[in-house]
A.B. asks: 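The structure is given below, and queries will be raised subsequently.
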Amino acid sequence: MSTSLKQQIFSWQKSLTHYFLTSPDRLRAIKVTIAIGVLTAPFVLLGESFFAITLALGALAGALSETDDHPKGRMKSLALKVICFAISSLSVELLRPYPILLGCGLFASTIAFVLIGSLGERYRGVTFGAQLIGLYTMLTITLSPAWYWQPILLPAGALFYGLFSLYLLYLNPWRALDEHLARGFGALATYLEVKAGLFPSDKNKQGEIRNQLALLNVQVVGALDGCKEVLNSYGDSIDDKTVLQPYMRYFMLLQNLHERAASSHERYDLLSSDQANRVLLEGIGHTLLQYSHASKKFAESLLAGKTYIHPISLGWMVDALNDQLKKHDIAPDQPVAMIVRNLSRSHLSLQNLHEDSQRLLTPKLRKDNRSLMLRAKELLDWQNPRLHHAFRLGLCFLVGFTISEVFAIAKGEWIILTTLFVCQPTYSATRQRLYQRILGTILGVVGGVLIIQILPTIQGQLLLLLVSTYAFSLWQLRNYSVSVMFITIFVLCAFNLLAGKGSSSIMLPRLIDTLIGSALAIISVRLLWPNWQYKRLPALIAEAISKNTSYFQAILEEYLQSTGEDDLPYRIARREAHRADNALVRAWQDMQFEPRNRQQFRQQAFTLTYLNHALLAYISAFGVHRDQHTALSPEIAHLANDIVGELQKTSLSITTGKTLGNTRIINILKQIRHSIRGSSQPIPKQQFTSLYNIADVTEQLLKLANGFTSPRE
């Protein structure tokens, strides 16, 4: 082999490795495809299609139910999974001759699986996989040579995939941490990219972008929660915690960068209306784009296992902004100057993240220390939405199975399988899944029938099965409709290989079953214990304002203490405020998909949701400057505590429906304005300005909150 050819092969190999390593979705997809390919190819070529497809279905269920744990946790999960899969498949095999018993078993086991899965992520993976295995057993039971083969082959396929995944994890034990942190920094990069559009902006443009940012904030906070769970899993499984310090440092960095990114020092349309700020605001927008690029680069370096190299261009942009501040003689207490200082600190944090001086701190992470018994007791409260969902899904399974049996529908189990994926805890989520499922199934049927004509051979169908496996796994978390289209093609190939038929005798009935299952799902969530968002919004708004109040109080404590110790209580308060804000944003978003007569007081709820997110942004701005080692003056501390009292009053007004006066908050605003005019020191003036923004939003919230209560049916 010539040297040039070797170099070319090495270059291709390097590019291919980089292609998969830098994308968790692509890496997972190729992992699932390889596992299924190894299981299916030998048996298909030997003419044993039943064994090939059954093993493939087991591996697919194992992949769909996989969770991110330390290798020790995954080994325990895999052992539990194999046992549960075997029991689920065996139960179906034994009860299939007795439809009444099987229907009752489906109803009871579905309720149990949903509730057990709600106890924790590891249990959720096992129970969801067990449900899939039971349905897969029902689908192919008539094709099995003997009753015992599926209870053996389905768990065996899951075991093979699990061992293969564990082997890859053994080669890189920290991959799960790298992926979750990379997702977090990637979500932050998207957030920063959208926020750059605010510099400069007008009032209309600002409102639209802030709505986008509120939705993107849900993704960032979700990524942070995922990082925390995986860090806790690894921390519980290893003795030497020092190896986790770099990951803990990256996690803390992500939290701090998120707080700075989410902060607002002033309304951006007001800043943009001043022509003297236009050049600086344009520069801030371009710097945010560079900052976004740096976050993406860091995410990619984590995935590729390379050292992060901080972009020189970001440093140039920050220096240029500071030069502009000096050139225009802008005081440090001005909002534009505070934004630039915020960007400068974020730039330095990323630039110096590898310095040894930052490796000494090993912060604590919050854990859910509730016992399984206590968590189970909470789930069994009839007011818990998860219990409603468990009974709703169980009834869907029972009705779907009854329809299949009464009307003797061939492969009627597709009805139940459809309800498993379509029926969600809320009406809006179910409605979205319904459209996505139907669209994906139709596209899969049409595309599959056409493609199968081009690849009629066994080898061609095997190739199509593997390609559809890869595409389904790749799009599973990106676009549900596209993933359904490819899993439909997978099923077509599987049944063609199993029974030599698929396009006409299987796929058209499957489309009908999908429509029936989707209809069951939407009817059940519409009629059985519907949890309409307008009923939840008052409590969610009150909770969000309460959590923002606690976050504000935690910031005040940080200013007072300034001990430099672990700030776990502060981080908990901040995370709870963001979670409550996200729950409110999601509820508002979900309301848009509900029936018109259930979208009550939507404009008032939207305004309160918008103002709560603005409040969180202004509180974050007050918090990002807490480490300036400057204590609050007695006047500022007194005013801040008065604002806390008004925020508590606002939450109380929403909870009780009582009208409470706003005279006190109006007086607080007057006092702060007077203090701003009389202050000559930059830092106190900056603190007064931040307090004014918080108090101003509080006054608007209190005005809207008065009399806000859930309307009657």
Side-chain angles (χ1 to χ4, degrees), residues 61 64-65 67 84 88 103-135 218 222 225 368 370 372 374-403 415-437 480 514 516-537 539-540 543 579 582-584 586-595 598:
L64 290 173
S65 59
T67 55
C84 289
S88 179
C104 293
L106 275 174
F107 174 72
S109 64
T110 300
I111 295 172
F113 282 146
V114 172
L115 294 179
I116 293 172
S118 301
L119 295 175
E121 188 64 19
R122 185 180 300 173
Y123 298 105
R124 184 206 62 78
V126 172
T127 54
F128 177 74
Q131 286 178 293
L132 274 180
I133 288 295
L135 295 177
V218 174
D225 285 339
D368 186 355
R370 295 175 301 164
L372 284 177
L374 179 59
R375 279 183 275 176
K377 186 177 179 182
E378 291 177 357
L379 282 171
L380 293 176
D381 180 356
W382 183 247
Q383 301 304 316
N384 194 310
R386 293 300 298 178
L387 186 59
H388 292 167
H389 177 60
F391 272 90
R392 190 186 298 128
L393 189 61
L395 287 170
C396 277
F397 276 27
L398 182 59
V399 173
F401 180 73
T402 302
I403 292 172
I415 297 173
I416 308 172
L417 192 64
T418 298
T419 58
L420 174 64
F421 287 101
V422 173
C423 188
Q424 301 295 308
T426 63
Y427 176 87
S428 57
T430 302
R431 180 178 166 181
Q432 292 177 70
R433 275 291 178 95
L434 179 146
Y435 293 137
Q436 293 168 342
R437 188 82 186 183
Y480 186 70
T514 298
I516 296 173
S518 298
L520 276 177
I522 197 68
I523 291 171
S524 67
V525 80
R526 178 73 173 79
L527 300 179
L528 301 176
W529 314 289
N531 196 16
W532 304 117
Q533 300 305 327
Y534 80 88
K535 294 182 178 180
R536 301 176 61 231
L537 276 169
L540 288 174
E543 176 76 0
R579 282 177 177 165
N582 288 354
L584 184 56
R586 282 195 298 264
W588 164 252
Q589 188 182 26
D590 287 348
M591 179 185 274
Q592 314 312 306
F593 294 94
E594 293 182 345
R598 304 295 176 179

A.B. asks: On a heavy-atom basis, which atom in Ala587 and which in Arg536 lie closest, and how many Å separate them?
C.D. replies: CB-NH1, 4.0 Å
A.B. asks: Kindly give the heavy-atom pair with the smallest separation between Gly103 and Leu398, and that separation in Å.
C.D. replies: O-CD1, 3.5 Å
A.B. asks: Do the side-chain N and O atoms of Gln589 and Arg586 include a donor-acceptor pair separated by under 3.5 angstrom?
C.D. replies: no
A.B. asks: How many angstroms lie between atom CD of Glu378 and atom CG of Asn384, to the nearest 0.5 angstrom?
C.D. replies: 8.0 Å
A.B. asks: What pair of heavy atoms forms the shortest contact from Gly125 to Thr67, and how long is it?
C.D. replies: CA-CG2, 4.2 Å
A.B. asks: Any chance you could measure Ser65, atom OG, to Ile133, atom CD1, to the nearest 0.5 Å?
C.D. replies: 8.0 Å
A.B. asks: For Thr426 and Val525, what are the C-alpha separation, side-chain angles and deciding distance, and is it a side-chain contact (heavy atoms from CB on, under 4.5 Å)?
C.D. replies: CA-CA 7 Å; Thr426 63; Val525 80; 5.9 Å; no
A.B. asks: Once you measure the plane-to-plane angle for Trp529 and His388, does it fall in the parallel (<30°), tilted (30-60°) or perpendicular (>60°) bin?
C.D. replies: parallel
A.B. asks: In the structure I gave you, are the side-chain heavy atoms of Met591 and Leu537 within less than 4.5 Å of one another anywhere?
C.D. replies: yes
A.B. asks: Counting distance only, does the side-chain N/O of Arg433 pair as donor-acceptor with the main-chain N or O of Phe421 below 3.5 Å?
C.D. replies: yes
A.B. asks: When rounded to the nearest 0.5 angstrom, what distance separates SG in Cys84 from OH in Tyr123?
C.D. replies: 10.5 Å
A.B. asks: If you apply the rule side-chain contact (heavy atoms from CB on, under 4.5 Å), what do you find for Leu135 with Gln131, and how did you get there?
C.D. replies: CA-CA 6 Å; Leu135 295 177; Gln131 286 178 293; 5.6 Å; no
A.B. asks: Is Pro595 close to Trp532 at the side-chain level, that is, under 4.5 Å between some pair of heavy atoms?
C.D. replies: yes
A.B. asks: Heavy atoms, side chains only, cut-off 4.5 Å: are Pro425 and Arg386 in contact?
C.D. replies: yes
A.B. asks: Would you give the length of the straight line joining atom CG of Leu434 to atom OG1 of Thr514, rounded to the nearest 0.5 angstrom?
C.D. replies: 10.5 Å
A.B. asks: Any heavy-atom pair between the side chains of Leu115 and Leu387 that's under 4.5 Å?
C.D. replies: yes
A.B. asks: If I compare all heavy atoms of Ser88 with all of Ala130, which pair ends up nearest, and what's the gap?
C.D. replies: OG-O, 2.8 Å
A.B. asks: Can you measure from CG (Leu106) to CG (Leu395) and round to the nearest 0.5 angstrom?
C.D. replies: 12.0 Å
A.B. asks: So, for Ser524 and Cys396, which heavy atoms are closest and what is the spacing to 0.1 Å?
C.D. replies: OG-SG, 3.2 Å
A.B. asks: Identify the two heavy atoms, one from Arg124 and one from Gly117, that lie closest to each other, and give their separation to 0.1 Å.
C.D. replies: CB-O, 3.3 Å
A.B. asks: Is the shortest heavy-atom distance from the side chain of Ser118 to the side chain of Arg375 under 4.5 Å?
C.D. replies: no
A.B. asks: Could you go through the side-chain contact (heavy atoms from CB on, under 4.5 Å) check for Leu132 and Leu417 one step at a time?
C.D. replies: CA-CA 8 Å; Leu132 274 180; Leu417 192 64; 3.8 Å; yes
A.B. asks: Distance from Leu393 atom CG to Thr110 atom OG1, nearest 0.5 Å?
C.D. replies: 5.5 Å
A.B. asks: Using a cut-off of 6.0 Å, state whether more than 12 heavy atoms not belonging to Tyr480 lie near its atom OH.
C.D. replies: yes
A.B. asks: Would you say Thr127's side chain and Val114's backbone share a donor-acceptor pair under 3.5 angstrom?
C.D. replies: no
A.B. asks: Would you sort out whether Phe593 and Tyr427 count as a side-chain contact (heavy atoms from CB on, under 4.5 Å), showing the intermediate values?
C.D. replies: CA-CA 8 Å; Phe593 294 94; Tyr427 176 87; 5.6 Å; no
A.B. asks: For the pair Arg392 (side chain) and Leu528 (backbone), establish whether a donor and an acceptor sit closer than 3.5 Å, ignoring hydrogens and angles.
C.D. replies: yes
